[in-house]
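A, B, ... follow the sequence lines: proteins, then strands. Residue 1 opens every chain. Keep in mind that the numbers below use all heavy atoms, side chains included, and drop hydrogens, waters and symmetry copies.
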Number of protein chains: 2
Amino acid sequence: MLTKKQLDLLEFIHKRMQKDGVPPSFDEMKLALDLRSKSGIHRLITALEERGFIRRLAHRARAIEIVKLPESLGGESSSGFTPKVIDGDKPDVARPANAEPVMASATDLPVMGRIAAGVPIAAISEVSHQVSVPNSMLAASGEHYALEVKGDSMIEAGINDGDVVVIRETSSADNGDIVVALIEDQEATLKRFKRSGRSIALEAANPAYETRVYPEDMVKVQGKLVGLIRTY
Amino acid sequence: MLTKKQLDLLEFIHKRMQKDGVPPSFDEMKLALDLRSKSGIHRLITALEERGFIRRLAHRARAIEIVKLPESLGGESSSGFTPKVIDGDKPDVARPANAEPVMASATDLPVMGRIAAGVPIAAISEVSHQVSVPNSMLAASGEHYALEVKGDSMIEAGINDGDVVVIRETSSADNGDIVVALIEDQEATLKRFKRSGRSIALEAANPAYETRVYPEDMVKVQGKLVGLIRTY
DNA sequence: CGTACGATGCTAACAAAAAAGCAATTGGAT
DNA sequence: ATCCAATTGCTTTTTTGTTAGCATCGTACG
């Protein structure tokens, strides 16, 4: 899953955080890996993020957090690690007796880029990073992936700019479903699906955008919205 | 299930990862299996992926991960690997062939009831059930819990009826934060917080509801909104 | 027995990603 | 305003993954 360099860096970050609690800066990492430029680090970090090992805040100094460790670094296996653990322990809560880092059922899904609203987007392409979504959001079978929403076209459906939507792959949809549709094999959008006869209407949930109607063979449903995750 | 070659390769990858944590590159595998071309490896890898033994990121160097091992190779115990399924939910069986990502970082939070919008609610009390939320939504420290949203008072903030909101306990808030506030020690609501001088305004995100202003000692902030989860 | 097919092997050409470096910007924090 | 850190653009080299085309071998099957 990781290349040597990536692993080295991850290990360094991990040790650093164990030692003084603060993640290293790019320069420190540069030093540690004996590079002459930070840009190399930047790329390694990006790779680690893409693979779901770390999480970070862009443009924030030292805003790196380790999300998981590979087994080779004393990673989990038996629940050992637990990068950060909040066990939402509220008062009496009925929690199963086994004390623990309360890892719950979730699955990492790849975020396949951003999907636009008004003016669509470069079709779904590559993984930018991973998000964990509760399994309760996923169907027992079927492929899922996530997209970051760009724009405000679905605002009246409670989908805001920046939200992450979870999509289940499917090529069919029912009226009223919110779907990811590929129009003319070109642009992908998130819209509400409505069929009438041989035409398909894709309507935004925002009066500022107009509903567009296409003959059915110009629209391909790629997936349907099954969940939404927003972080403030 | 697997051909000899496929098994050999899988075994090699496994050992390799045990040893140095980094999966082998195609060339290394080529060497190991004593082939003169990578293309053979490519096909074997594809086969292993199809059969669900490994998972990988296409076009990424060394991005291979072993998902399961046949019994013939110490299948469970010896590797400390155990493609874990944290108890509770669905058994890991029914996963489509092209495998979805594995279990990831999430935490179960108790849902402490429903919180209303317009007309508040029976104060936060007992746990109705648990939801898994991605750890990325939680602060490194602090207590969290979840509430189910009842009503449409925050609809313009993209919070719909039925959504689950994740709250971090805190007694302070900044202007503009969406908070769970206890009014007169009686009713709890989810509103946007605005302070001016010694009074606190709690405003809904829905023109149908009016903003209410209280002297600061009548309002107690109980927590602030940090995340939202919606399942369709 | 001959054919079809699947699993393998090889070569060779290509396409991309990983990794590094340098320089110039942008952002945050103080 | 200024410092420091992070981000970006661009370049170069090396490593790694992907594909296509072709050949061989063995087995299942009519």
For [X] and [N], give me the distance from atom [atom1] to atom [atom2], rounded to whole Å.
X: B:Arg16; N: D:dT16; atom1: CZ; atom2: P; value: 10 Å
X: A:Lys38; N: C:dT26; atom1: NZ; atom2: P; value: 15 Å
X: A:His42; N: C:dC22; atom1: NE2; atom2: P; value: 18 Å
X: B:Leu35; N: D:dG17; atom1: CG; atom2: P; value: 14 Å
X: A:Ile41; N: C:dA18; atom1: CD1; atom2: C1'; value: 13 Å
X: A:Arg56; N: D:dA6; atom1: CZ; atom2: P; value: 9 Å
X: B:Phe26; N: C:dA18; atom1: CZ; atom2: P; value: 13 Å
X: B:Lys4; N: D:dT27; atom1: NZ; atom2: P; value: 16 Å

hbond_proxy B:Ser39 side chain to C:dT11 base (donor-acceptor, 3.5 Å cutoff): yes
Under 3.5 Å donor-acceptor pair, B:Ser37 side-chain atoms to C:dG9 base atoms: no
Check [Y] with [X], please: is the shortest side-chain N to carboxylate O separation under 4.0 Å?
X: A:Lys5; Y: A:Asp8; answer: no
X: B:Glu28; Y: B:Arg16; answer: yes
X: B:Glu203; Y: B:Lys194; answer: yes

Using a 4.0 Å heavy-atom cut-off, does [X] contact any base of the nucleic acid, only the sugar-phosphate backbone, or nothing at all?
X: A:Arg36; value: sugar-phosphate
X: B:His59; value: sugar-phosphate
X: B:Ile45; value: nothing
X: A:Ser25; value: sugar-phosphate
X: B:Lys5; value: sugar-phosphate
X: B:Arg43; value: base
X: A:Thr3; value: sugar-phosphate

Distance below 4.0 Å between B:Arg60 side-chain N/O and D:dT15 OP1 or OP2: no
Residue mapping more 5' on DNA chain C - nearest nucleotide basis, A:Ala47 or B:Leu33: B:Leu33
Comparing B:Leu44 and B:Ala61 on DNA chain C - which has the more 5′ nearest nucleotide: B:Leu44
B:Glu216 vs B:Arg195, salt bridge (charged side-chain N to carboxylate O under 4.0 Å, His left out): CA-CA, chis, key distance, verdict: CA-CA 8 Å; B:Glu216 66 180 348; B:Arg195 166 191 298 267; 2.6 Å; yes
Side chain to side chain, A:Pro134 and B:Pro134, heavy atoms closer than 4.5 Å: yes
